[in-house]
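Each remark here refers to the structure printed beneath this line.
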Amino acid sequence: MKIGFLFPGQGSQRVGMGQDLYEKYEVVKEIYEKVKKITGVDIAQITFNGKEEELNETKNTQLAILTMSLAILEILKQNGIKVDVSAGLSLGEYTALINSRAISFEEGVKLVQKRGQYMQELVPEGEWSMAAIMGMTEEQVQEVCQKVTKGFVVPANFNTIGQIVISGEKEAVEEAELIAKELGAKKVRILKTAGPFHTEKLKKASEKLREELEKVTFHDFNIPVVKNLDGTIYHKEDDIKEILAKHIISPVRFSKSLETMLEMGVDTFIEVGPGKTLSGFVKRLKTDREITILNIQDVESLMILGMEERR
């Protein structure tokens with residue numbers, strides 16, 4: 001068995017996520033307290049008891065999802081679950097980097113806090129939106145965006161076969177939705193995001209994040225991580241700071257990342273964090289190999305794996 005961890009990104013959040021884990025596992029409480037101490041933000045309060053609007057603020061969303069995923073990782077480690085390679089969708093790549101020890105826990109959490117702040121505060125004026133288009137190829141989605149006349153919109157996330165996310169001005173995304181349906185898209189779904197993520201419109205945020213990255217010490221990888229930028233494994237010669245700065249203004253090649261994991265022999269994918277979005281992406285992959293797909297996001301899903309609390 002070869003295990004690949006998948007870490008979710010923004011859009012998978014919901015109020016109350018992870019609360020049952022927090023109440024049952026002491027190690028989960030410790031992670032939330034550790035993040036609170038590092039950031040000064042009571043992310044447990046925001047996640048468990050806050051309003052949806054507050055949790056959906058990018059600066060809170062990213063920290064909340066990261067914290068929950070890191071907390072679940074501690075439970076998996078206590079139960080002897082070892083990973084061979086990992087990947088994360090956008091924000092989730094930071095979870096993978098922390099887990100691989102390429103970035104320390106503290107510096108990784110601080111980076112994500114800054115990343116969320118910059119992606120929220122340095123968004124250009126205007127109304128922005130993102131939408132997932134189902135049932136179209138990359139070329140068809142490119143064509144849809146090119147036909148839009150009401151503003152800026154481009155492909156942003158190449159998630160899996162038949163699902164591509166577009167990002168841009170709200171009116172342009174809405175026009176793209178109509179065009180996509182006319183050209184045969186099975187479905188178009190507006191996402192719970194608040195900016196033109198993974199486009200050139202976040203250049204200022206990228207530049208500010210680059211300044212923060214200069215302060216970070218990066219280490220050798222204990223676990224291979226597949227990067228969003230091109231779907232290949234990080235190598236020693238890679239400029240991680242430059243890659244992560246480009247990360248928020250470049251399309252996410254998650255479909256290619258999953259294909260790379262398959263090529264490496266991964267046969268068991270475990271999604272670590274809220275939602276089952278990434279598990280759904282894996283199900284759409286074309287492979288003759290028997291694949292096991294698991295999702296760990298609550299006490300029930302841990303119990304399915306037969307994991308008991310270790311005190």
Side-chain angles (χ1 to χ4, degrees), residues 6-17 51-53 55-58 60-62 64-65 68 87-92 119-120 123 126-199 201-202 228 248 250-258 269 271 273-286 293 295 297:
L6 302 176
F7 300 108
Q10 197 163 341
S12 59
Q13 71 276 6
R14 61 176 176 80
V15 173
M17 64 183 190
K51 295 181 179 179
E52 185 176 356
E53 294 79 10
L55 180 60
N56 285 345
E57 290 181 21
T58 299
N60 294 328
T61 304
Q62 297 199 11
I65 293 172
M68 181 179 172
L89 181 70
S90 190
L91 155 73
M119 289 176 70
Q120 178 174 321
V123 171
E127 290 188 282
W128 306 96
S129 181
M130 296 180 76
I133 298 178
M134 272 70 89
M136 300 190 91
T137 65
E138 292 186 16
E139 292 75 17
Q140 288 172 323
V141 173
Q142 292 277 10
E143 181 184 355
V144 166
C145 292
Q146 289 167 4
K147 287 180 177 290
V148 170
T149 61
K150 295 180 180 177
F152 173 84
V153 61
V154 293
N157 293 17
F158 297 90
N159 288 334
T160 188
I161 296 171
Q163 186 184 124
I164 297 167
V165 171
I166 57 174
S167 180
E169 292 173 284
K170 186 173 183 290
E171 192 174 6
V173 170
E174 289 171 350
E175 184 185 358
E177 177 180 1
L178 295 175
I179 295 171
K181 288 177 178 177
E182 289 174 0
L183 294 180
K186 291 181 180 178
K187 185 178 180 182
V188 180
R189 178 169 57 87
I190 302 298
L191 305 183
K192 293 189 291 184
T193 53
F197 302 148
H198 298 291
T199 78
K201 298 299 181 181
L202 284 187
N228 283 190
I248 57 178
S250 303
V252 172
R253 301 284 176 180
F254 201 71
S255 181
K256 178 66 170 68
S257 299
L258 292 174
F269 290 87
E271 183 172 3
K276 296 183 179 180
T277 300
L278 307 187
S279 300
F281 294 168
V282 178
K283 288 176 182 177
R284 296 181 67 91
L285 293 176
K286 293 181 179 179
I293 305 169
N295 169 267
Q297 63 173 328

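All values below come from the heavy atoms of this structure, side chains included, with hydrogens, waters and symmetry mates left out.
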Results of side chain to side chain contact (heavy atoms under 4.5 Å, CB included) for [X] - residues two or more places apart only:
{"X": "Val123", "value": "Trp128, Pro196, Leu202"}
{"X": "Ser255", "value": "Glu259"}
{"X": "Glu52", "value": "Val15, Asn56, Lys192"}

Shortest non-hydrogen contact between [X] and [Y], atoms and distance:
{"X": "Met136", "Y": "Ile164", "result": "O-CD1, 4.1 Å"}
{"X": "Met130", "Y": "Ala156", "result": "CE-CB, 4.2 Å"}
{"X": "Ala64", "Y": "Met17", "result": "CB-CE, 3.7 Å"}
{"X": "Ala131", "Y": "Val173", "result": "CB-CG1, 3.8 Å"}
{"X": "Ser12", "Y": "Gly9", "result": "OG-O, 2.9 Å"}

Quick one: [atom1] on [X] to [atom2] on [Y], what's the gap to the nearest 0.5 Å?
{"X": "Gln297", "Y": "Ser279", "atom1": "CD", "atom2": "OG", "result": "8.5 Å"}
{"X": "Met119", "Y": "Gln10", "atom1": "CE", "atom2": "CD", "result": "6.0 Å"}
{"X": "Thr277", "Y": "Leu89", "atom1": "OG1", "atom2": "CG", "result": "8.5 Å"}
{"X": "Phe254", "Y": "Leu278", "atom1": "CZ", "atom2": "CG", "result": "4.5 Å"}
{"X": "Ile65", "Y": "Leu55", "atom1": "CD1", "atom2": "CG", "result": "7.5 Å"}
{"X": "Ile248", "Y": "Leu91", "atom1": "CD1", "atom2": "CG", "result": "12.0 Å"}

For Lys256, side-chain hydrogen bond (donor to acceptor under 3.5 Å, both in side chains) partners two or more places apart: Thr260
Taking the side chain from [X] and the backbone from [Y], do they hold a donor-acceptor pair closer than 3.5 Å?
{"X": "Asn228", "Y": "Val252", "value": "no"}
{"X": "Glu169", "Y": "Phe152", "value": "yes"}
{"X": "Thr58", "Y": "Gln120", "value": "no"}
{"X": "Gln140", "Y": "Thr137", "value": "yes"}

Can you tell me if CD on Glu127 sees more than 12 non-hydrogen neighbours from other groups inside 6.0 Å?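 Counting neighbours around CD of Glu127, 12 or fewer heavy atoms of other residues, nucleotides or ligands fall under 6.0 Å, so no.
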What I'd like to find out is whether the side chain of [X] reaches to under 4.5 Å of the side chain of [Y], using heavy atoms alone.
{"X": "Pro8", "Y": "Glu271", "value": "yes"}
{"X": "Leu6", "Y": "Leu258", "value": "yes"}
{"X": "Glu139", "Y": "Glu143", "value": "no"}
{"X": "Pro155", "Y": "Pro251", "value": "no"}

Could you list the donor-acceptor pairs under 3.5 angstrom formed by side chains in residues 174-190, with sequence neighbours left out?
from	atom 1	to	atom 2	distance (Å)
Glu174	OE2	Lys170	NZ	2.7
Glu175	OE1	Thr149	N	3.1
Glu175	OE1	Lys150	N	2.9
Glu175	OE2	Thr149	N	3.2
Glu175	OE2	Thr149	OG1	3.1
Glu177	OE2	Lys181	NZ	3.1

Give every residue pair that meets the ring-ring contact (aromatic ring centres under 6.0 Å, His included) criterion with at least one member in residues 165-199, sequence neighbours excluded. His198-His247
